[in-house]
Amino acid sequence: MIEQIITFALAGLIFLGAVSTALWKNPFDKLIGLSLLSAGVIPLIVMRGYLDVAIVICLVIPITTILVLLLLGRDVR
């Protein structure tokens, strides 16, 4: 019973992250939506028992976020 409640809460977080990423126009706001999306996906992966995949995702997401922030902060002329 509690596992279903957690699954529905995580699905709601994933849905909220996907909708906010699709609707927001500012790229920095889109990063916040993507972090909401990943915050819902990672626990679901852990609940299924794929810990190696969760570790890789947890290592890749901060690196890609830093790279995207560097690209967005550049002065494009």
Side-chain angles (χ1 to χ4, degrees):
M1 179 68 180
I2 191 73
E3 185 176 338
Q4 291 175 345
I5 294 171
I6 293 173
T7 303
F8 284 130
L10 292 174
L13 192 61
I14 292 169
F15 181 75
L16 180 67
V19 169
S20 64
T21 303
L23 295 180
W24 285 340
K25 301 295 182 199
N26 188 0
F28 292 109
D29 291 338
K30 286 185 181 276
L31 279 177
I32 294 171
L34 285 175
S35 66
L36 281 175
L37 187 74
S38 65
V41 169
I42 293 171
L44 283 177
I45 292 172
V46 171
M47 284 174 58
R48 293 289 181 184
Y50 298 115
L51 296 178
D52 53 345
V53 177
I55 290 170
V56 170
I57 291 173
C58 288
L59 292 174
V60 169
I61 287 176
I63 294 170
T64 56
T65 302
I66 291 170
L67 291 176
V68 169
L69 285 173
L70 286 173
L71 289 174
L72 290 175
R74 287 182 12 169
D75 185 26
V76 179
R77 294 178 193 208

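It should be emphasised that the depicted structure is a prediction, and the values quoted were computed from it without experimental measurement. Worth knowing before you read on, the calculation uses all heavy atoms, side chains too, and leaves out hydrogens, waters and symmetry mates.
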### Partner residues of V60 under the side-chain contact (heavy atoms from CB on, under 4.5 Å) criterion, sequence neighbours left out
V56, T64

### Query
Taking atom CG of L71 and atom CD1 of I66, what is their separation to the nearest 0.5 Å?
12.0 Å

If you look only at distance, which donor and acceptor atoms sit under 3.5 Å apart when one is on a side chain in residues 27-49 and the other is two or more places apart or in another chain?
from	atom 1	to	atom 2	distance (Å)
K30	NZ	T21	O	2.8
K30	NZ	W24	O	3.0
S35	OG	I32	O	2.6
S38	OG	L34	O	3.4
S38	OG	S35	O	3.0

List the atom pairs, donor and acceptor, that lie under 3.5 Å between side-chain atoms in residues 1-20 and the rest of the protein, sequence neighbours left out.
from	atom 1	to	atom 2	distance (Å)
T7	OG1	E3	O	2.7
S20	OG	L16	O	3.0
S20	OG	G17	O	3.0

